[in-house]
Amino acid sequence: MASKCEETITLPDGRKVKIYTGLFINNEFVDSVDRKRFETINPATGQAITSVIEANEKDVDIAVEAATKAFNEKWINVDGQERGRLINKLADLIERDLDELAALEALDNGKAYTIAKSDDLPFTVAVFRYFAGWCDKIHGKVIETQGDKFCYTRHEPIGVCGAIIPWNYPLLMLAWKLAPALACGNTIVLKTSELTPLSALKVAALFKEAGFPKGVVNILSGFGPTAGAAIASHMKIDKVAFTGSTATGRSIMKAAADSNLKKVSLELGGKSPNIILADSDLEEAVKWSYQGIYQNHGQCCCAGSRVYVEEPIYDNFIEKFKTYAQNIKVGDPFHKDTFQGPQISQRQFDRIMKYIECGKKEGATLLLGGKRHGDQGYYVSPTIFTDVNENMTIMQEEIFGPVVAIAKFKTIDEVIEKAHLTKYGLAAAVFTKDISRAIKISNTLRAGTVWVNCYNVVNANTPFGGFKESGFGRELGKYALELYSQVKTVQINLEC
Ligand code: NAI
Ligand code: MG
């Protein structure tokens, strides 16, 4: 008997929501070849929400076949204006279903429902709308050459793109990859994280409703070592875009090199330094720094996990920051006042607790938190370490939880040197009222994004990506189009 591919679930607040559990291939929700399913967990309770159909290598093959056929026979002939219309239509439908989609994010991921509604979903819509606008503005140039030749370039789609996304921002990560890929005229096979498959499947149904031709967007639920690895090494996938851990990013790049040398873009982790100078507006610096680390429960690639505070204001900063952290509302994602819900999984909870133990063992001072919050689900209380140095594990490795390390510094040269003592280079921030110093320090910091007097400010039209081992390629903004198109040079001899 075929597995069921849709059902109705009841949300914690009593609402009933229709969800899809099948693999989305060729605009249909289908069973997998091996008819396997896996459970997705509500991290607030540790209980299964439901089970979804699991893709493996064979299902990836089927999805790639669908995407290849759609690219060659249909999508390649759909002009930019029509692609833009379809993407805008999709954005309208996401907006129509915003409440339900935000609720699915909260249920499957554990993030606060009110924040999913006010931040994640509107940003998702904005990303689709932004790239919808690019569709009919993607074009090459005429290049002057010598003699009787005529040369121009075309910006063509790459073909079938693979996307492998994480669980921390399920719909945003989907949008960051699908929107520019579709705008440039590619077709896609996207694998969601095994921890958060539900919201993307709901959006899959909206792609169909919006009128996208079958096979243009294919969305699979499945695990990394099977479905994910099959995408990375597939001979008929022309490009793979990945967001997640540096270790997995490395294996994806290897798989691409060992298969068909598909193009790769990687958005990996970070250990971002946040530098607070003595002349900054202290209230503002505290407010942004607390958002910088605790937003999304610390499960953010650009989290400001290393805060460096100039000596004269250090004590004052710590006192104010601690007050903010103590007052964070941790709890049920569906409670309207909640800021911090549970971590995504038991595994991530255990990892974070291990890092906290390691911090204590290596001599850092645990100023706040460091323990489980509540008696069910994967909650970690907001945690602060002080008396830290760059040799400590908690100053080097990405913890991906609500854990911040705060250090003191005396000179700019010293803090820049310390800021750079990490393999990562995703983001950094500096707080000061002195604009010249802000610019000089921003220029020096080796990071893909530098925030001045703010944190975590990312827009649909502003590029985002890493230096060093935080990856390469820029998502969002016009730069993202380069990841999903290739330049063809046409040389014409006018003499014949
Ligand atoms: P991960 O990098 O293993 O998982 C991210 C995605 O990659 C998921 O869809 C997963 O199924 C897939 N994947 C895993 N192994 C794969 C493989 N061999 N081939 C292809 N795809 C594969 O990250 P995980 O285990 O969920 O989290 C571990 C750590 O990674 C976190 O503690 C955090 O430090 C970091 N991370 C960073 C993220 C970011 O936004 N930069 C997002 C998620 C995790
Ligand atoms: Mg889940």
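For ligands, and for the atoms within them, numbers begin at 1 and follow the listed sequence.
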Using heavy atoms and a threshold below 4.0 Å, how should the contact between [X] and ligand 1 be classified: side chain, backbone, both, or neither?
X      : value
Gln299 : neither
Leu195 : neither
Ser245 : both

Got the closest protein heavy atom to [atom], with its distance?
atom                    : answer
atom 20 (C) of ligand 1 : Gly228 C, 3.2 Å
atom 43 (C) of ligand 1 : Pro166 CB, 3.6 Å
atom 9 (O) of ligand 1  : Ile165 O, 2.8 Å
atom 26 (O) of ligand 1 : Trp167 NE1, 2.6 Å
atom 7 (O) of ligand 1  : Phe242 CE1, 3.2 Å
atom 3 (O) of ligand 1  : Thr248 OG1, 3.0 Å
atom 10 (C) of ligand 1 : Glu194 OE1, 3.6 Å
atom 25 (O) of ligand 1 : Arg347 NH1, 3.3 Å

So, for [X] and [Y], which heavy atoms are closest and what is the spacing to 0.1 Å?
X      : Y      : answer
Ala66  : Ile25  : CB-CG2, 3.9 Å
Pro180 : Ala175 : CD-O, 3.7 Å
Pro166 : Ser193 : C-CB, 3.6 Å
Cys301 : Phe400 : N-CE1, 3.7 Å

Practice problem: Give a yes/no on ligand 1: does Ala232 have at least one heavy atom closer than 4.0 angstrom to it? | Solution: no
Exercise. Give the single entry among Glu398, Gln348, Glu397 that approaches atom 27 (O) of ligand 1 most closely by any heavy atom.
Key: Gln348
Exercise. Would you tell me which option among Ala230, Cys301, Ser251, Gly471 has the nearest heavy-atom contact to atom 41 (N) of ligand 1?
Key: Cys301
Quiz prompt | Output field: ring centroids Trp451/Phe431 closer than 6.0 Å | solution = no
Any side-chain donor-acceptor pair under 3.5 Å between [X] and [Y]?
X      : Y      : answer
Thr196 : Asn109 : no
Thr248 : Ser251 : no
Lys262 : Asn260 : yes
Asn26  : Asn218 : no

Quiz item: Taking the six-membered ring for Trp, are Phe339 and Tyr290 parallel (under 30°), tilted (30 to 60°) or perpendicular (over 60°)?
Solution: parallel
Quiz item: Would one find an N or O of Ile164, backbone or side chain, under 3.5 Å from an N or O of ligand 1?
Solution: no
Practice problem: Would you mind running through ligand 1 and noting each atom that sits below 4.0 Å from a heavy atom of Gly224? | Solution: 11 (O), 12 (C), 13 (N), 14 (C), 15 (N), 16 (C), 17 (C), 19 (N), 20 (C), 21 (N), 22 (C)
Quiz item: By number and element, which atoms of ligand 1 are closer than 4.0 Å to a non-hydrogen atom of Thr243?
Solution: 39 (C), 40 (O)
Exercise. Take Glu362 and Thr393 through the test side chain to side chain donor-acceptor pair (under 3.5 Å) and record every step on the way to the result.
Key: CA-CA 8 Å; Glu362 290 182 2; Thr393 311; 2.6 Å; yes
Quiz prompt | Three-point angle Leu195:O, the Mg ion (ligand 2), Ile41:O, rounded to the nearest 10° | solution = 160°
